[in-house]
Amino acid sequence: MLDINYDISKDGIPEIRMWGIDDNGNRVVVIDRTFRPYFYAVPEKGVETQSVVSKIKKLEPKYKILNVEVVSKKFYGKPIDVIKITCQIPTIVPNLREAVKKLPGIKDVLEADIRFYMRYMIDKDVYPSTWHIADVEEIEVPEKWRIDKVYVLKGDLRRSDETTVPPLRVLAFDIECYNKFGTPKPERDPVIVISVMTNNGDKKVFTADGKNDASAIKGFTEFLNKYDPDVIVGYNCNGFDWPYLLERCKALKLKLSVARSGAQPATSVYGHISIIGRANVDLYDFAEDIYEVKVKTLENIAEYLGVKKKNERILIPGIDIYKYWDDPAKRETLIRYAIDDVESILGLADKFLPFAIQLSSIVGLPLDQVGSASVGYRVEWHLMRQAYKFNELVPNRVERPYRPYRGAIVLKPKPGLHENIAVLDFSSLYPNIMISKNISPDTYVPPYEKVDPSKVNIAPEVGHRFLKEPPGFYKKVLERLLKFRKMIKEQMKKLDPTSIEYTILYERQRAIKVIANATYGYCGWVGARWYKREVAEATTAWGRKTIRETIELAKKMGLRVIYGDTDSIFIKYDKDKVKRFIEEVNKKLGLEIKPDKIYIRVFFTEAKKRYCGLLSDGRIDVVGLEAIRGDWTELAKEVQEEIIKIVLTKKDPAPAVKYVHEVIEKLRGKEIPMDKLIIWKSITKKLSEYEVSAAHVVAARKLLAAGYSLTVGDKIGYVIVKRPGGRLADKAEPYVFVKDMDELDIDYYIKKQIIPVAIRILGYFGISENQLLAGRRQASLFDFFG
DNA sequence: GCCTTGAAGTTACCG
DNA sequence: ACCGGTAACTTCAAGGCG
């Protein structure tokens, strides 16, 4: 199943349409006309249910109610009788819900905000991106539908345990717009290039005829429908390409008929754009998870993933695109650039789609939505799916005040170089704690309730109590996930790691891990339906207890603890002792602790969450330090990384000092390219909301004034130039405006970029700032007096 | 008016 | 629109001094 939607048929009946592929490779639709929308009403305590039922029934003529009945459900684990109200069409639900809410004797309505097609999938146990077996009857393909066969569901619809992924037709696309007047505006600026590539290797470029882009858009639409992709991929296509094309079509009075239903793309939930019958996947959503890449442009992500090297492709600054269009001699370059882009996008699809498909099948959100849904919503859909299986009602989303609670413990590290250090950590600490202590909103016992102390687990420090029996919602859900993952990992062992089957299972277990690990964070999120602060608070409290006891045990066994954070401890790697220690922890705490990595040498400063280490295979790990942060210049990061390498392998700061001298020399000699001197920082809110003029905000305002379009989340690249003014912000200039290296404030780069990152490491070895600066003959005296 | 100090604002990281 | 814990930088206003 690729996609699902619903429509109202001519006879006024809601019709679920499931778009997919059958086992013969036909593109098919399975229609179910038998399902109807419903929601629940909760009667107030002490009110006679039947009287409420009859009151609801009186609303029948106005709202086309089909059925009102009392059903037995559970709410937070407690049995409850609620009134199930079924009506004819989904669009009535919001009004009917309000009307029911107003009736006397009604406490609340539940599950009235679940979209009709999601309701269908939950109730019928239908999962997108998986196989199903359906008893069907074929009907004629409606006019305008781009599909091989259409069926009406006649009997059973059930899941198949087949986990293969059928051959999918994937189409990548990208558009370039005319931007001579700044950020392109669809009502004014044409789409000048549309590049397309399909996974059977076809490439095609549609170009405007001068400023006339109607034929390009038509050509693109025709090409798309001819290839008939199951999956359409773009890079930020939900944020730019589709909205632009749609607006442009509006201006040109064209119809962008690309859906399998013949419809146009339409804005849907979580800011994604839905193309009926196909999965429109924005790969940018998945690129956001690659934290190693700080500036997440298509080129950078493609480079990182080994899809396309930057030096093997055309790069054009976005702002200059129109110049390449206006100049006939340069136009070919622009077209080559557009092709490079779609090639990269299709390459990214290869990397991301296997995971996206598995995530969709685990969470139960359609493939085109699962990427754009936030982590919180992904977890929530997973929970809602499970809740139905337990006959549990889904709580409403309510606004609540934010109240902070204590989190994990971070140990002060022992500064310096340490040899032979093992890092042990608890596997899935929080999920396992929630399971073993049965922590859940439905097992929580509020302070005013009397309960036999032997029947509850009491959280340390905070005192929250949770029933030991029966198993709570979170426990059941997490236990299933962890078991599921374990089973998949077992299956993987039997497979060739280079096989497709292996990749599918690998991505599947990864999707499960992501959801399981995010569930703790979810329950402490005020926006969560199943929010319960005490649940989150108790989980971290038990986590603190666990790590404290682990540290105690290590010390008792004569193992020096160098550092620890949340669920990990760093100890001297004494093979036998560590082995016994692991056994002890597993036995005494009932939680599994495992060696994560062994460092030949590891280095700490006084700071928590920042260290670096040398692994046995020669790799170097950098954690938390500037070298891996996105808000330092490339130069500073390179310098620190090199210093770390020297110090960890040679145990001697002297060559590192020499190296710093050389870099400073080069910098003064203007031998460092400007690229390496750009500072990148995100805009996290509207520019007007900033209270202080930070450098990147000032730079962003300048970009805005020059006609650039900026949105929250954009990274601003700026450099520091020589200019009078007390504040650093006064010296910040967007790098795109700086043409000459001579404008740069080299002193800033030495004192505020190179020196701090170098001192962070070398300071521990007794090196001073002056020693780093004093490398050069001329500089030493100057700096001394300066 | 200048310099120091510390709180507040801000970003990006760890697990 | 998943959590809290943390480091580090810059800005900015208050306070001290002359």
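Chain letters run A, B, ... following the sequence lines, proteins first, then strands; residues in each count from 1.
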Participant: Give a yes/no on whether any side-chain N or O of A:Arg406 is located under 4.0 angstrom from OP1 or OP2 of C:dC3.
Facilitator: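 Answer no for this pair, as no side-chain N or O of A:Arg406 is under 4.0 Å from OP1 or OP2.
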
Participant: Under 6.0 Å from the six-membered ring centre of A:Tyr284 and within 45° of its axis: does the NZ or CZ of A:Lys296 meet both?
Facilitator: no

Participant: Taking only side-chain nitrogens and oxygens of A:Thr566, does any of them come within less than 4.0 Å of OP1 or OP2 of C:dG4?
Facilitator: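 No, A:Thr566 has no side-chain N/O under 4.0 Å of OP1/OP2 on C:dG4.
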
Participant: Any side-chain N or O of A:His696 below 4.0 angstrom from OP1/OP2 of B:dT11?
Facilitator: yes

Participant: Determine: side-chain N/O of A:Tyr402 to OP1/OP2 of C:dG4, distance under 4.0 Å, yes or no.
Facilitator: yes

Participant: According to a strict under-4.0 Å criterion, is A:Arg760 in side-chain N/O contact with OP1 or OP2 of C:dC9?
Facilitator: yes

Participant: On the nucleotide B:dG15, are OP1 or OP2 found under 4.0 Å from the side-chain N or O atoms that A:Tyr611 carries?
Facilitator: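 For B:dG15, OP1/OP2 do have a side-chain N/O of A:Tyr611 under 4.0 Å.
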
Participant: Does C:dA7 have its OP1 or OP2 closer than 4.0 Å to a side-chain nitrogen or oxygen of A:Lys609?
Facilitator: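 No.
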
Participant: Can you tell me if the side-chain N/O atoms of A:Tyr405 get under 4.0 Å from OP1 or OP2 in C:dG5?
Facilitator: no

Participant: Stems in DNA chain C: runs of 3 or more consecutive Watson-Crick or G-U pairs, distances under 3.5 Å?
Facilitator: B:1-15 with C:3-17

Participant: Measure up the A:Tyr611 and A:Phe604 rings against each other and bin them: parallel (under 30°), tilted (30 to 60°), perpendicular (over 60°).
Facilitator: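 Answer is tilted, since the angle falls between 30° and 60°.
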
Participant: Once you round it to whole Å, what is the distance between P of C:dC9 and OH of A:Tyr749?
Facilitator: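 Taking atom P of C:dC9 as the reference, OH of A:Tyr749 is at 16 Å.
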
Participant: Whole angstrom is fine here: how far is it from NZ in A:Lys513 over to P in B:dG15?
Facilitator: 13 Å

Participant: May I ask you to check if A:Arg465 and A:Tyr444 form a cation-pi contact, with NZ or CZ under 6.0 angstrom from the six-membered ring centre and within 45° of the axis?
Facilitator: no

Participant: Does the Lys NZ or Arg CZ of A:Arg397 fall within the cation-pi geometry relative to A:Tyr531 - under 6.0 Å from the ring centre and within 45° of the axis?
Facilitator: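 Checked: cation-pi criterion not met.
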
Participant: Give a yes/no answer on whether the side chain of A:Lys685 brings an N or O atom under 4.0 Å of OP1 or OP2 in B:dT10.
Facilitator: yes

Participant: Under 4.0 Å, counting only non-hydrogen atoms across every strand here, what does A:Lys715 touch: a base, just sugar-phosphate, or nothing?
Facilitator: sugar-phosphate

Participant: I want to check one thing: is the phosphate of B:dT11, taken as OP1 and OP2, less than 4.0 Å away from some side-chain N or O of A:Thr684?
Facilitator: yes

Participant: Hey, which of these two, A:Ile409 or A:Tyr522, hits DNA chain C nearer its 5' end, going by closest nucleotide?
Facilitator: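 It is A:Tyr522 whose nearest nucleotide is closer to the 5' end.
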
Participant: With no hydrogens and no angle check, do the side chains of A:Lys475 and A:Ser440 hold a donor and an acceptor under 3.5 Å apart?
Facilitator: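 Checked: A:Lys475/A:Ser440 side chains show no N/O donor-acceptor pair below 3.5 Å.
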
Participant: Test the A:Lys476-A:Phe390 pair against the cation-pi criterion, namely NZ or CZ under 6.0 angstrom from the six-membered ring centroid and within 45° of the ring axis.
Facilitator: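 Yes, a cation-pi geometry.
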
Participant: Is there a side-chain polar atom (N or O) of A:Arg610 under 4.0 Å from OP1 or OP2 of B:dC13?
Facilitator: no

Participant: Tell me whether the OP1 or OP2 atom of C:dC12 has a side-chain N or O from A:Ser693 closer than 4.0 Å.
Facilitator: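 So the side-chain polar atoms of A:Ser693 do come within 4.0 Å of the phosphate oxygens OP1 or OP2 of C:dC12, strictly under.
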
Participant: A:Val375 or A:Tyr748: which one's nearest nucleotide on DNA chain C is closer to the 5' end?
Facilitator: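 Taking each residue's closest nucleotide, the earlier one in sequence belongs to A:Val375.
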
Participant: Quick one: ring pair (Phe, Tyr, Trp, His ring centres under 6.0 Å) partners of A:Tyr270, sequence neighbours excluded?
Facilitator: A:Tyr377

